[in-house]
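Comments concern the structure below.
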Protein chains: 2
Amino acid sequence: MPKPEIHTMEELSAAIGVSRPTLSRYFQDPAKVSRSSVERIRRGLEKVDYTPNFFATRMNRKTTGMIGVIIPYLNDLFFTRLLESIERAAMKAGYTVITQCSHSDPEIEKRAAETFLSMSVDGAIVAPLGNHSDMRVYERLNARLPFVLMDSRPKPLTDVDFVGTDHVQSTGVITEYLCRVGSPPIFLAMPRVNFNALERENAYVAKMELLGFEPVVIGAEVVRQEWHFEAHGLAVLNDQFSKGRLLESSILCANDRVAIGALRAAAQHGLEPGALRRGGLRIAGHDDYPLCPYTTPALTTVAQNVAAIGQAAVDRLLEKCSAEKQSGNHAITLMDGVLKIRESA
Amino acid sequence: MPKPEIHTMEELSAAIGVSRPTLSRYFQDPAKVSRSSVERIRRGLEKVDYTPNFFATRMNRKTTGMIGVIIPYLNDLFFTRLLESIERAAMKAGYTVITQCSHSDPEIEKRAAETFLSMSVDGAIVAPLGNHSDMRVYERLNARLPFVLMDSRPKPLTDVDFVGTDHVQSTGVITEYLCRVGSPPIFLAMPRVNFNALERENAYVAKMELLGFEPVVIGAEVVRQEWHFEAHGLAVLNDQFSKGRLLESSILCANDRVAIGALRAAAQHGLEPGALRRGGLRIAGHDDYPLCPYTTPALTTVAQNVAAIGQAAVDRLLEKCSAEKQSGNHAITLMDGVLKIRESA
DNA sequence: GATTAATATTGACGCATGTAAAAAGCGTCT
DNA sequence: AGACGCTTTTTACATGCGTCAATATTAATC
């Protein structure tokens, strides 16, 4: 059934005998039009093939109904889960999400920000690339739009809203658990791709000192692997294990993907990390990556409350959108992590 | 340095003393403007803060420079890798990618398609949701835009370009390998969320019959878990193992995520699947999920050529975009899978 | 220095819609 | 019948830029 294609509201108006402004009001909100007209329009639309022109509609409204989201990396289930929760929250609020991935390239991140400005999105949520990023990009967005940073917080930036996990708390919880149940953990760092890397490392050190243990950090110097976290964890521990070191240690990995690499290293050396064996090898992670329950052994970790972070980011953004003018106060929302005790530690 | 904000080309024209049409040409292609003007404009732009309005620019051009991509599911590294390769290919060609995720909901998928039509994207690439999808959505897109289907191909649709893996070849290769090196494999199906599920199943059956073995398919009836593939694999094999069945079988899983669940089930029952133990338990997958090298044991699988699929989809789409009119011939591009022999089978 | 070609500017119109004000239609109540 | 309120239509203008034709300016050529 090839319905006749109609390209403008003008034509549509002629086709179904309703004035164009009425159609305009109908497409924005059918409730703004009388019952009888709604009926007439609805019946008319069934007979033709028409979609309002997105650009033309958005150009004149003060609001575009779009929010822009930038994430640094797609091939990471943590970010995809974050993105999913943002999309759900935004959809519920009637907003369209435009996602751009910076592919761990500051240039692309910058371009994405320009795209958002040029599309006059109502607001932007950004999970920063990390230490290679151009801070001016964030400052620029923050100055011109309702803007919320997410997941990882650049220290130089103040006056910016932020939503993320309280790493002092989350890393503290698992560090404390490991200390309580077995030998004090060593920290296997992740490549310093973003600010969380150092935050977690520092949180570990602080907690250890508080508990009266000596913090030990390994794997912080290697930066070759960038976002290849599993390879990083595997390489560092393979090196250690083959020198006969750390064979009976507790190892807290900076994130679960590093930990998955660590588990692999253990397996290759015939080691079986486990919670039950006091004094033996233990491996723990951070984030609660979706695959944690399926590794062997299942990975003990701290869950980030991804759903809450995404929801809070959207909530805060929309709050700023509806505020008359840029209010001066900036909020920092930190979510607690939840310990997930499984088998590996 | 808070540069003065300028919102229209008109203002910009007044600010730097160059006519508006010249600015328009400059922003489309600086080469269309004389050297001296380029210099003047460039210097002027450094002193003010201006970004052309995306909607206004795109509204009048015949081409928007955008391509729309729909994927069914975000929390799956296969799709994110596909998406990444598409984004890279599109970026190289100077196109902006607008991604929408259907979150395994036909309604959202439909809405995403409408969004693309309304934004008049130059073309659309869609990885179909699956058997719940409304085929008319694809037909509609195909009728009105340069359109390419990707990854999974709905049988009812003809006259549509498609790019994906040749599952007869890929599944055939690993089936043949498993038969050659050990006992003929059983097929652990995945939930029938898309058309690949059945294609692989059929390819397995055909190959087995060709080799003179009896095909056995399990796990096809369970549909509760939908996209929770790992949970599906785990549940089905836990059930089998605890009944003492399949303990020494070769098991070909419909995809790697199912296989990861299968590995977990094996571990829980103290089983160690492995390539070297003829006659013992073996587990293999399909796709070469990025985590395959890090599972214990490392998962033997068939790699889909994700990069090639993404590139081919974009190539084909742009080819259709530049073609004067809709040419009648439709291409089906199938990529070969590559066997990745690791430890598990 | 005059001629020619290339480039720039001006002005005008178009794109598909939002939006506001005024006029017209309709039903209800007195 | 007339006044009132609600909805719709009419009319007109606005949005920010693409694009074209005509004209003005500049540069290059001889």
Side-chain angles (χ1 to χ4, degrees), chain A residues 5-45 48-66 96 114-115 117-122 144, chain B residues 5-45 48-66 114-122 144:
Chain A
E5 281 185 31
I6 285 193
H7 295 100
T8 77
M9 269 175 79
E10 202 79 52
E11 291 179 46
L12 185 64
S13 157
I16 65 183
V18 175
S19 79
R20 193 180 65 72
T22 303
L23 287 176
S24 171
R25 294 212 311 279
Y26 171 85
F27 282 113
Q28 287 173 64
D29 179 7
K32 299 176 82 175
V33 167
S34 74
R35 282 229 162 287
S36 57
S37 296
V38 168
E39 236 354 88
R40 233 166 114 188
I41 296 172
R42 203 158 273 163
R43 274 201 310 272
L45 283 177
V48 299
D49 193 353
Y50 169 74
T51 10
N53 181 312
F54 191 82
F55 300 122
T57 60
R58 307 301 161 148
M59 192 166 66
N60 297 323
R61 295 189 194 163
K62 37 250 145 218
T63 166
T64 56
M66 307 189 306
T96 302
E114 289 304 318
T115 303
L117 283 175
S118 137
M119 299 205 314
S120 43
V121 296
D122 289 343
R144 298 197 28 181
Chain B
E5 280 184 31
I6 284 192
H7 295 100
T8 76
M9 268 187 154
E10 202 78 52
E11 292 180 44
L12 185 65
S13 155
I16 65 182
V18 175
S19 79
R20 194 182 64 72
T22 304
L23 287 176
S24 172
R25 295 213 311 279
Y26 171 84
F27 283 113
Q28 288 174 63
D29 180 7
K32 299 177 80 175
V33 168
S34 72
R35 279 229 164 287
S36 57
S37 296
V38 168
E39 240 347 274
R40 239 167 106 185
I41 296 174
R42 202 157 273 165
R43 273 202 309 272
L45 283 177
V48 300
D49 194 350
Y50 169 76
T51 7
N53 181 311
F54 191 83
F55 300 122
T57 58
R58 307 302 162 153
M59 193 166 68
N60 298 322
R61 295 190 195 163
K62 39 245 141 222
T63 166
T64 57
M66 306 190 304
E114 289 304 318
T115 302
F116 288 162
L117 283 175
S118 137
M119 299 206 311
S120 43
V121 296
D122 289 343
R144 300 198 24 182

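Chain identifiers are assigned alphabetically (A, B, ...) following the order of the sequence lines, protein sequences preceding nucleic acid strands; residue numbering begins at 1 within each chain. These numbers come from a predicted model, not from an experiment.
Partners of A:T51 by side-chain hydrogen bond (donor to acceptor under 3.5 Å, both in side chains), not counting sequence neighbours: none found. Considering only residues two or more places apart in sequence or on other chains, B:S118 meets the side-chain hydrogen bond (donor to acceptor under 3.5 Å, both in side chains) condition with none of them. For the salt bridge (Lys or Arg N to Asp or Glu O under 4.0 Å) test, no residue two or more places apart in sequence or in another chain qualifies with A:R35. Residues satisfying the side-chain hydrogen bond (donor to acceptor under 3.5 Å, both in side chains) test with B:T64, not counting sequence neighbours, are B:D122.
Among the atoms of the strands shown, only primed sugar atoms or phosphate atoms (P, OP1, OP2) are found under 4.0 Å from some heavy atom of B:S37.
Distance, B:F55 CZ to D:dT15 C1': 12 Å, rounded to whole Å. Taking atom CZ of residue B:F54 and atom C1' of nucleotide D:dT15, one finds them 17 Å apart after rounding to whole Å. For the pair B:R35 CZ and D:dT26 C1', the interatomic distance rounds to 16 Å; values are reported in whole Å.
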Contacts under 3.5 angstrom, residues 5-12 of chain B side chains, donor-acceptor by atom type, not counting sequence neighbours:
| unit_1 | atom_1 | unit_2 | atom_2 | d |
| --- | --- | --- | --- | --- |
| B:E5 | OE1 | B:H7 | NE2 | 3.3 |
| B:T8 | OG1 | B:E10 | N | 3.3 |
| B:T8 | OG1 | B:E11 | N | 3.1 |

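By the 4.5 Å heavy-atom criterion applied to side chains, B:F54 and A:V121 are not counted as neighbours.
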Indicate for each nucleotide in nucleotides 14-26 of chain C, in 5' to 3' sequence, whether protein heavy atoms under 4.0 Å reach the base (B), only the sugar-phosphate (S), or nothing (-). BBBBBB-------
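When the side-chain nitrogen and oxygen atoms of A:T22 are compared with OP1 and OP2 of D:dT9, one or more of them lie within a distance under 4.0 Å.
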